[in-house]
Amino acid sequence: DAGVIQSPRHEVTEMGQEVTLRCKPISGHNSLFWYRQTMMRGLELLIYFNNNVPIDDSGMPEDRFSAKMPNASFSTLKIQPSEPRDSAVYFCASSFDRGFQGEQFFGPGTRLTVL
Amino acid sequence: GQQVMQIPQYQHVQEGEDFTTYCNSSTTLSNIQWYKQRPGGHPVFLIQLVKSGEVKKQKRLTFQFGEAKKNSSLHITATQTTDVGTYFCGGSRLTFGEGTQLTVNP
């Protein structure tokens, strides 16, 4: 298996632009997680899906952030409009188990820079 | 809400020295996971602890889960340069600690 796939790996955009991050989880995994990592705030959970349904989105910073999982093999995290403080590394992870009960496999991350 | 605190935030050791990082939760955890992230990389799962007082070993790494299931530790014996990275603990409510960044001087 190729592991969790994220695209793009790097994204540089200007403030106000829309940004879409993509994730393909490991086949057969039932849970998908989006995290944001910064020096100041560490690794933060943004949203968690189980069987394509959002279970916990309490970590989504504000309405500018939205996430979807239209099917078991694809998820997107959208930021509209983007702001410089959104600059971070965004990780997608998937797990066979529900919630935090099993090993999470992280993707390589998308490094987002908002100018 | 639940918080998971890790100490220390940074640790610098000489190669061959031991290293310990501690994870403390404000609430009882059903389980705890440990991950390692190399510089520029992504978190990689190390282990999961579930039982009160559980101790697990992986070569030079020893993981413990407290009796009250509110704290955990990771101990590395005789560190090597390959141990460099940030070690995270994660609690049962999908909360990660801030991590302990380990540097090893050869």
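Here is the naming used below: chain letters follow the sequence lines, and residue numbers restart at 1 for every chain. Not measured: the values here are computed from a predicted model.
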Is B/Ile32 reachable from B/Leu61 through a run of hydrophobic residues whose side-chain heavy atoms are each under 4.5 Å from the next?
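B/Leu61 clusters together with B/Ile32.
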Any link between A/Val114 and A/Trp34 through a network of hydrophobic side chains (Ile, Leu, Val, Met, Phe, Trp, Tyr) touching at under 4.5 Å?
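Both belong to a single hydrophobic cluster.
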Using a cut-off of 6.0 Å, state whether more than 12 heavy atoms not belonging to [X] lie near its atom [atom1].
X: A/Arg64; atom1: CZ; result: yes
X: A/Gln80; atom1: CD; result: yes
X: A/Asp63; atom1: CG; result: no
X: B/Tyr22; atom1: OH; result: no

Mind ranking A/Pro108, A/Gly102, A/Gly109 by heavy-atom pairs under 4.5 Å with chain B and telling me who comes out on top?
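Of the candidates given, the most pairs with chain B belong to A/Gly102.
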Quick check: does any side chain N or O of B/Gln48 sit under 3.5 Å from a backbone N or O of A/Gln101, one acting as donor and the other as acceptor?
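Yes, the answer is positive, given that a donor and an acceptor are paired below the 3.5 Å cut-off.
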Distance check, rounded to the nearest 0.5 Å: B/Phe88 atom CZ versus A/Leu43 atom CG?
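The distance works out to 5.5 Å.
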State, yes or no, whether a side-chain contact exists between B/Gln37 and A/Gln37 at a heavy-atom distance under 4.5 Å.
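A side-chain contact exists here, since the closest heavy-atom pair is under 4.5 Å.
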Any side-chain heavy atom of A/Phe91 within less than 4.5 Å of one from B/His42?
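A side-chain contact exists here, since the closest heavy-atom pair is under 4.5 Å.
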Smallest separation among heavy atoms of B/Tyr35 and A/Gln104, with atom names:
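So the minimum-distance heavy-atom pair works out to OH-N, 3.1 Å.
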Does the ring centre of A/Phe106 sit less than 6.0 Å away from the ring centre of B/Phe45?
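B/Phe45 vs A/Phe106: aromatic centres not under 6.0 Å.
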